[in-house]
> 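Here you go, one structure.
As the structure lists them, so they are numbered: ligands from 1, and atoms in each ligand from 1. None of the values given here were measured: they were computed from a predicted structure.
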Amino acid sequence: MRWYKRLRWRLIGSQFLVAVVGVTVMIIATQMIIINPAPRIIRAQLSQLLENPAQIAQTEALLLLDFRNAVFASVAFAAIAAVIAGVGSSIIIWRTLILPLRTVAQRSQRIADGRYGERVDVPTNSGEAMIKLVTSFNQMTESLEQIEQQRVALLGNISHELRTPLTGLNGYVEGLSDGLFEPSEETFAWMMEEIQRLSRLVDDIHSLSRIEAGQFSLDLRPFALQPIINRIVTQISPQLKEKKVSLNTQSENGPITLSADKDRTAQILINLMSNAVRYTPENGNIWLTVKTKANQAIIIVKDDGIGIPTDALPYLFERFYRVDQSRARATGGSGIGLTISRHLAWAMGGNITAHSDGSNKGSAFVLTLPLSQ
Ligand code: ADP
């Protein structure tokens, strides 16, 4: 950035201009009024004094008066010029600084009132600092607008998600009271299922809000990965058996010690493994591979299930996102699991990425976590 475009130099320059104009006019005025007319006046007074030496007191008084008038005139000229320069530079500062700042202040007030569509035109002749300020202000407003849109969408999503199990429950209760359903064990089991879905959803939303707000603690310490994997495999085996899905586990670089939160790591792996089972048809396969690279452990959960369309991959970790809205809801998914998992992985210094060659071509989720040094 050129130095003269900086606000600091512009302000110093405008003050300097006023001083320079004042001093210059003063010099010109002194040259013109004192030096030029003064010799004439002084000479006339002196020659009168020479002719009439007795009038010395009167001539001295006249000389002093002339001198005072001349000094006053030059100072007055300089002062008028400095005032004009001052007014000129104030107008420039007003237009290039105060006006855009005032607009920013007014728009901030409107944004505070909830009008997020407000933007300020970027001033072209106000210097780089002002352009930066207005551009940052507009970017901030845009982010606020996006956050507001996400908030509205989130509220919409939550109410939509809550409506599904509630509608189901409502149907059963109405059916029971109208005598359409028998108050049998089966009916109550269906109702219980809807209630469980509802409470699972509420739990998920609660954890998501805490995690997104950073209101959760991590217990980062070294632990062996294999026992956690064994635990998860035992936990998930009823689902595997039920769907006749086979699980192949493989550890490429021997025992691994992670530096992460044990329970949170287990939570992520359960999410990835149960997704793999959920989105893999009967008689499918799941591969759980563990290896290391540099100072990271790489845990890959791969399946040969329904896969993920390429255009859905970028949205997979967004809140409430499901590739197939209706199918996933029927299977009980809320679309929050991966969002939570990714936040947890990030908080532990790792990451999760999703890979798939497309629909029905299987999927792979790669979790990286730091190794214990
Ligand atoms: P959900 O509870 O719906 O499974 P997630 O956040 O865990 O929520 O997953 C989001 C979406 O990602 C799922 O609804 C599904 O469409 C897709 N997905 C996740 N894992 C897999 C997988 N292994 N195979 C295919 N699709 C998957």
Side-chain angles (χ1 to χ4, degrees), residues 150 153-154 156-158 160-165 168 193-194 196-212 232-233 235-236 239-240 242-249 264-289 298-347 350-367:
Q150 283 171 4
L154 182 66
N157 278 329
I158 291 176
H160 187 74
E161 296 299 327
L162 289 174
R163 201 179 299 129
T164 316
E193 211 173 282
E194 295 297 349
Q196 276 164 359
R197 185 178 298 185
L198 201 57
S199 63
R200 236 185 357 250
L201 182 65
V202 172
D203 285 348
D204 277 356
I205 293 170
H206 180 68
S207 338
L208 179 68
S209 74
R210 285 180 62 91
I211 285 170
E212 286 197 329
I232 291 163
V233 171
Q235 204 172 324
I236 211 136
Q239 286 160 261
L240 290 169
E242 198 186 318
K243 281 191 96 173
K244 298 188 196 77
V245 169
S246 63
L247 173 66
N248 317 279
T249 51
R264 301 300 193 175
T265 306
Q267 186 181 341
I268 299 174
L269 286 173
I270 287 173
N271 175 228
L272 297 183
M273 290 294 288
S274 41
N275 275 351
V277 183
R278 188 182 290 163
Y279 301 109
T280 301
E282 281 196 6
N283 303 313
N285 289 285
I286 298 175
W287 296 268
L288 176 60
T289 311
I298 302 172
I299 305 161
I300 304 166
V301 180
K302 193 172 172 303
D303 62 63
D304 57 0
I306 64 167
I308 302 156
T310 315
D311 54 354
L313 279 173
Y315 307 105
L316 224 55
F317 295 91
E318 282 185 8
R319 295 180 285 210
F320 298 106
Y321 184 81
R322 288 175 299 218
V323 176
D324 181 344
Q325 296 290 335
S326 49
R327 173 142 58 149
R329 193 172 293 126
T331 57
S334 58
I336 299 181
L338 284 178
T339 319
I340 293 178
S341 293
R342 171 116 100 178
H343 274 289
L344 289 176
W346 281 345
N351 196 13
I352 303 185
T353 48
H355 310 262
S356 175
D357 289 334
S359 290
N360 298 317
K361 293 198 171 144
S363 332
F365 286 81
V366 181
L367 166 68

> Could you tell me which atoms of ligand 1, counted from 1 in the order shown, lie closer than 4.0 angstrom to a heavy atom of Val323?
16 (O)
> Among all residues two or more places apart in sequence or in another chain, which pass the side-chain contact (heavy atoms from CB on, under 4.5 Å) test with Asp357?
Lys361
> What atoms of ligand 1 come within less than 4.0 Å of a heavy atom belonging to Asn271?
7 (O)
> Polar contacts were defined as any N/O atom of the residue lying under 3.5 Å from an N/O atom of the ligand; does this apply to Tyr279 and ligand 1?
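Among all N and O atoms of Tyr279, at least one is under 3.5 Å from an N or O of ligand 1.
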> For ligand 1, which atoms sit closer than 4.0 Å to a heavy atom of Arg278?
1 (P), 2 (O), 4 (O)
> Should Phe365 be listed as contacting ligand 1, given a heavy-atom distance under 4.0 Å as the test?
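The answer is yes, since Phe365 has a heavy atom less than 4.0 Å from ligand 1.
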> Short N/O distance, under 3.5 Å, between Gly335 and ligand 1?
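So ligand 1 has an N or O lying under 3.5 Å from an N or O of Gly335.
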> Just do the side chain to side chain donor-acceptor pair (under 3.5 Å) check on His355 and Thr353 with the steps written out, would you?
CA-CA 7 Å; His355 310 262; Thr353 48; 3.0 Å; yes
> Taking side chain as C-beta onward, heavy atoms only, is Glu161 less than 4.5 Å from Ile158?
no
> Less than 3.5 Å apart, which donor and acceptor atoms pair up between the side chains of residues 305-320 and the rest of the protein, not counting sequence neighbours?
residue	atom	partner	partner atom	Å
Arg319	NH1	Glu212	OE1	2.7

> Once you restrict to heavy atoms under 4.0 Å, what part of Tyr321 touches ligand 1? Side chain, backbone, both or neither.
backbone
> Would you check the N or O atoms of Ser363, main chain and side chain alike, for any that come under 3.5 Å of an N or O of ligand 1?
yes
> Heavy-atom contacts with Ile336 under 4.0 Å: which atoms of ligand 1 show up? List them by number with element.
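Counting atoms of ligand 1 from 1, those under 4.0 Å from Ile336 are 6 (O), 8 (O).
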> Evaluate the side chain to side chain donor-acceptor pair (under 3.5 Å) criterion for residues Trp346 and Asn351: first the C-alpha distance (whole Å), next the side-chain angles of each, then the deciding distance (0.1 Å), finally the verdict.
CA-CA 5 Å; Trp346 281 345; Asn351 196 13; 2.9 Å; yes
> Determine the minimum heavy-atom distance between Val245 and Pro281, stating which atoms define it.
CG2-O, 3.8 Å
> Need the ligand 1 atom indices (1-based, order shown) with element for anything under 4.0 Å from a heavy-atom of Leu316.
12 (O), 17 (C)
> Judged by non-hydrogen atoms, does Ala354 sit under 4.0 Å from ligand 1?
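Distance cut 4.0 Å: Ala354 fails for ligand 1.
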> Would you say the side chain of Ile299 lies within less than 4.5 Å of the side chain of Leu272, judging by non-hydrogen atoms?
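No, too far: nothing below the 4.5 Å cut-off.
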> When you look at CD of Glu242, are more than 12 heavy atoms from neighbouring residues, nucleotides or ligands closer to it than 6.0 Å?
no
> Going by the closest heavy atom to atom 9 (O) of ligand 1, which one wins out of Leu201, Val301, Leu338?
Leu338
